[in-house]
Visitor: 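Before I ask anything, let me first share the structure, which is written out below as structure tokens.
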2 protein chains.
Amino acid sequence: MIRKNEEKIFEDYLARENLKHSEQRKEILDVFLNTDKHITADELYGIVRKKYPSIGYATIYRTIRLLCECGLCLELKIDDGTTRYEHLYGHRHHDHLICVKCNRFVEVVDPDIERLQEKLFKRFGFAPQRHRMELYGICKKCKK
Amino acid sequence: MIRKNEEKIFEDYLARENLKHSEQRKEILDVFLNTDKHITADELYGIVRKKYPSIGYATIYRTIRLLCECGLCLELKIDDGTTRYEHLYGHRHHDHLICVKCNRFVEVVDPDIERLQEKLFKRFGFAPQRHRMELYGICKKCKK
DNA sequence: TATAATAATGATAATAATAATCAAAATCAA
DNA sequence: TTGATTTTGATTATTATTATCATTATTATA
Ligand SMILES: [Mn+2]
Ligand SMILES: [Mn+2]
Ligand SMILES: [Zn+2]
Ligand SMILES: [Zn+2]
């Protein structure tokens, strides 16, 4: 199973931080890895609850935080104010094309843009940390 | 006064929408136009309250909404979750370099990047609506 | 200018997303 | 197996923003 790597990363992180590995955390990681990318906390909660009806909302948020801390998950703040989470392990940096109708996310990387962004940092004397670029439009399907 | 144009835009909008022009709205517009760019609702509230101590928070939010609707103001959602507002009238589209230490905003436009973004929209069959690009780093002053 | 219709205001309550608290339950090292 | 420590779920708190509503202000008109 491909997920072996991710599970190990999570377990190693828990061990390193002297945290314990609960059933709930296993289940949330599993759902997160199985799910489509760019999921909200609420969507994750909805899926986990099917298998684990007693799960509490707080546990979802706590575990998402752990997943972000150990490098498996990246938080995205979208223009409409929603927060979404995507897989980070094994995924190189990328930006997003987002359909404002159907909310579809297309992952894109343009090496030319990346290079020009570095030049912008340099031109204004900034030490680069990260960037974020989102292109909002209407996708092919939604154009009808 | 340069602000004449902006005031007219606001007044025309209010008239067009059958809204009334209150002292509070005048004052909030005035503070917004006088202030530095990229202000939060709370910062705006703090400044307005000095001249107009009885102002209510709700009026700030209501008026910001009007300013956005009439094209004088643009809402920005920053990566850390805060919402900021900047002048829109007379300002061409631009993106931002943001210092993660001192929160300084530098406005930038790179025509090459803009062109490549259009190409990305086209390549993936998206009808472009808008985009947003933020470059986060540490500015010259904060590097010490 | 006085009036009357309409809209705006400020106080307050409501929302929604997320974080903090805490007693009970689960994990795990010895 | 035990016992120290952590986690959980329920609940409350927090924060930013919006909705409600009685009172007040604006504005068109007589
Ligand atoms: Mn992505
Ligand atoms: Mn700006
Ligand atoms: Zn679409
Ligand atoms: Zn700085």
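Every chain is numbered from 1 and lettered A, B, ... according to where its sequence line falls, protein lines coming before strand lines. Values below: every heavy atom of this structure, side chains too, minus hydrogens, waters and symmetry copies.
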Visitor: Between D/dG9, C/dA11, C/dT18, which one does the side chain of A/Tyr61 approach most closely?
Guide: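 Of all the options, the side chain of A/Tyr61 is nearest to C/dT18.
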
Visitor: What is the separation between atom CG on B/Asn18 and atom P on D/dA28, rounded to the nearest whole Å?
Guide: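 To the nearest whole Å, that distance equals 9 Å.
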
Visitor: Whole Å only: how far is the CZ atom of B/Arg25 from the P atom of D/dT24?
Guide: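 Answer to the nearest Å: 19 Å.
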
Visitor: Where do N or O atoms of nucleotides 27-30 of chain C meet protein N or O atoms at under 3.5 Å, pair by pair?
Guide:
unit_1 : atom_1 : unit_2  : atom_2 : d
C/dT27 : O2     : A/Lys20 : NZ     : 2.8
C/dC28 : OP1    : A/His21 : N      : 3.2

Visitor: Side chain of A/Arg49, backbone of A/Leu44: donor and acceptor closer than 3.5 Å?
Guide: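 No, because the side chain of A/Arg49 does not come within donor-acceptor range (under 3.5 Å) of the backbone of A/Leu44.
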
Visitor: Look at all strands and tell whether A/Thr83 reaches a base, only sugar-phosphate, or nothing, counting heavy atoms closer than 4.0 Å.
Guide: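 Here A/Thr83 touches the backbone only, sparing every base.
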
Visitor: Look at all strands and tell whether A/Asp42 reaches a base, only sugar-phosphate, or nothing, counting heavy atoms closer than 4.0 Å.
Guide: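 The residue A/Asp42 makes no contact with any strand.
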
Visitor: Under 4.0 Å from any atom of DNA chain C, heavy atoms only: list the residues of residues 27-40 of chain A that qualify, in numerical order.
Guide: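 Hits under 4.0 Å, by residue number: none.
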
Visitor: Inspect the contact between A/Arg132 and A/Asp95 and indicate whether a charged nitrogen and a carboxylate oxygen are less than 4.0 angstrom apart.
Guide: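 Between A/Arg132 and A/Asp95 there is no salt bridge, as every charged N stays at least 4.0 Å from the carboxylate O atoms.
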
Visitor: In whole angstrom, give the distance that lies between atom OH of A/Tyr57 and atom P of C/dA17.
Guide: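 After rounding, the reported distance stands at 7 Å.
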
Visitor: Mind calculating the distance between OH (B/Tyr45) and P (C/dG10) to the nearest angstrom?
Guide: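 About 9 Å, once rounded to whole Å.
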
Visitor: Quick one, A/Glu134 with A/His96, criterion side chain to side chain donor-acceptor pair (under 3.5 Å). Give me CA distance, side-chain angles, the key distance, then yes/no.
Guide: CA-CA 5 Å; A/Glu134 281 141 32; A/His96 295 104; 5.4 Å; no

Visitor: So, OP1 or OP2 of C/dA19: does either fall under 4.0 Å of a side-chain N or O from A/Arg62?
Guide: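 Checking C/dA19 against A/Arg62, no side-chain N or O comes under 4.0 Å of OP1 or OP2.
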
Visitor: Is any side-chain N of the basic residue among A/Lys119 and B/Asp110 closer than 4.0 Å to the acidic one's carboxylate O?
Guide: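 Salt bridge flag = no for B/Asp110 with A/Lys119.
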
Visitor: Residues of residues 64-76 of chain B with any non-hydrogen atom less than 4.0 angstrom from an atom of DNA chain C: list those, numerically ordered, please.
Guide: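 DNA chain C contact set from residues 64-76 of chain B: none.
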
Visitor: In whole angstroms, how far is the C1' atom of D/dA25 from the OH atom of B/Tyr52?
Guide: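 The answer, rounded to whole Å, is 10 Å.
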
Visitor: Rounded to whole Å, please give me the gap between OH in B/Tyr13 and P in C/dA7.
Guide: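 Atom-to-atom, B/Tyr13 to C/dA7, this comes out as 14 Å.
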
Visitor: When the distance from CG of A/Asp80 to P of C/dA16 is rounded to whole Å, what number comes out?
Guide: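 That distance rounds to 15 Å.
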
Visitor: Can you confirm whether the side chains of B/His91 and B/Glu107 place a donor and an acceptor under 3.5 Å from each other?
Guide: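 No - no donor-acceptor pair under 3.5 Å links their side chains.
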
Visitor: Answer yes or no: is there an ion pair linking A/Glu75 with A/Arg84, defined by an N-O contact shorter than 4.0 Å?
Guide: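 Looking at A/Arg84 together with A/Glu75, the answer is no, because their closest N to O distance does not fall below 4.0 Å.
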
Visitor: What do you reckon, are the aromatic ring centroids of A/Tyr57 and A/Tyr45 less than 6.0 Å apart?
Guide: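 For A/Tyr57 and A/Tyr45, the ring centres are under 6.0 Å apart.
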
Visitor: Just by distance, no angles: are the side chains of B/His94 and B/Glu86 close enough, under 3.5 Å, to form a donor-acceptor pair?
Guide: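 Yes, side-chain donor-acceptor contact under 3.5 Å.
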
Visitor: Check whether the ring centres of A/Phe121 and A/His131 lie less than 6.0 Å apart, and answer yes or no.
Guide: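 They do not qualify: ring centres at least 6.0 Å apart.
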
Visitor: Consider only side-chain N and O atoms of B/Asp42 and B/Thr40, and report whether a donor and an acceptor are under 3.5 Å apart.
Guide: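 No, because no side-chain N or O of B/Asp42 sits under 3.5 Å from a partner of the opposite role on B/Thr40.
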
Visitor: Whole Å only: how far is the CD1 atom of B/Ile55 from the C1' atom of C/dT9?
Guide: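 My rounded result for the distance is 8 Å.
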
Visitor: Should the pair A/Arg130-B/Asp79 be classified as a salt bridge under the 4.0 Å nitrogen-to-oxygen rule?
Guide: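 Answer for the salt bridge query: yes.
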
Visitor: When you check the side-chain N and O atoms of B/Glu114 and B/His93, is any donor under 3.5 Å from an acceptor?
Guide: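 The answer is yes; a qualifying pair exists.
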
